[in-house]
**Q** 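Got a structure for you, written out below as structure tokens; questions coming shortly.
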Amino acid sequence: MHLATNWLLGSIIRPITIFCEKHKVKRIVSVGHSLGAAVATLLTITLKHFKDTLPESSPLKNVDVFAHSYATPPTVIIFFSISILYLYF
């Protein structure tokens, strides 16, 4: 699942960046149910980590990224979840 998420992010990051720059986007929300919720959750976590590595001049740097997930199956291991909590909250 993690490899699929990285592939998906790699496939959509350029169009997302162009869209955010053109339309002055302030927030990205990924939404999913069940398996789609797992993908939305992993994509959001991966995108948050990716945007932290971008230079300040990037259009994505100041975009807030959220996920709304419904009936999400277990997606990440507990150690990864705790590290994300300490990193972003």
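The analysis underlying the following values was restricted to heavy atoms, covering all of them including side chains, and did not include hydrogens, waters or symmetry mates.
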**Q** Can you tell me how far the CG atom of Leu43 sits from the OG atom of Ser30, to the nearest 0.5 Å?
**A**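 Going from the CG atom of Leu43 to the OG atom of Ser30 covers 5.5 Å.
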**Q** Supply the atom-to-atom distance Ile28 CD1 to Ile16 CD1, rounded to the nearest 0.5 angstrom.
**A**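 Ile28 CD1 to Ile16 CD1: 5.0 Å, rounded to 0.5 Å.
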**Q** Identify whether Leu54 and Leu47 are in the same connected component of the hydrophobic contact network (ILVMFWY, side-chain heavy atoms under 4.5 Å).
**A** yes
**Q** How long is the span from the OH atom in Tyr70 to the OG atom in Ser34, to the nearest 0.5 Å?
**A**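 It is 14.0 Å, given to the nearest 0.5 Å.
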**Q** For Lys48 and Val65, indicate whether the former's side chain and the latter's backbone hold a donor-acceptor pair under 3.5 Å.
**A** yes
**Q** Roughly how far, to the nearest 0.5 Å, is NE2 of His49 from OG1 of Thr44?
**A** 14.5 Å
**Q** With rounding to the nearest 0.5 Å, note down the distance linking NZ in Lys51 to CD1 in Ile13.
**A** 10.5 Å
**Q** In terms of hydrophobic clusters joined by side-chain contacts under 4.5 Å, are Leu9 and Phe19 together?
**A** yes
**Q** Closest approach of Gly32 and Ala40, non-hydrogen atoms and distance?
**A** N-CB, 4.1 Å
**Q** Looking at Ala67 and Thr41, what are the two nearest heavy atoms and their distance?
**A** CB-CA, 4.4 Å
**Q** What are the two closest heavy atoms between Val29 and His68, and how far apart are they?
**A** CG1-CD2, 3.2 Å
**Q** Following the transitive rule for hydrophobic clusters with a side-chain heavy-atom cut-off under 4.5 Å over Ile, Leu, Val, Met, Phe, Trp and Tyr, establish whether Val63 and Ile12 coincide in one cluster.
**A** yes
**Q** Got a second to check how far Trp7's CH2 is from Thr46's OG1, nearest 0.5 Å?
**A** 14.0 Å
**Q** State whether the side chain of Ser58 and the backbone N or O of Pro55 hold a donor-acceptor pair below 3.5 Å, judged by distance alone.
**A** no
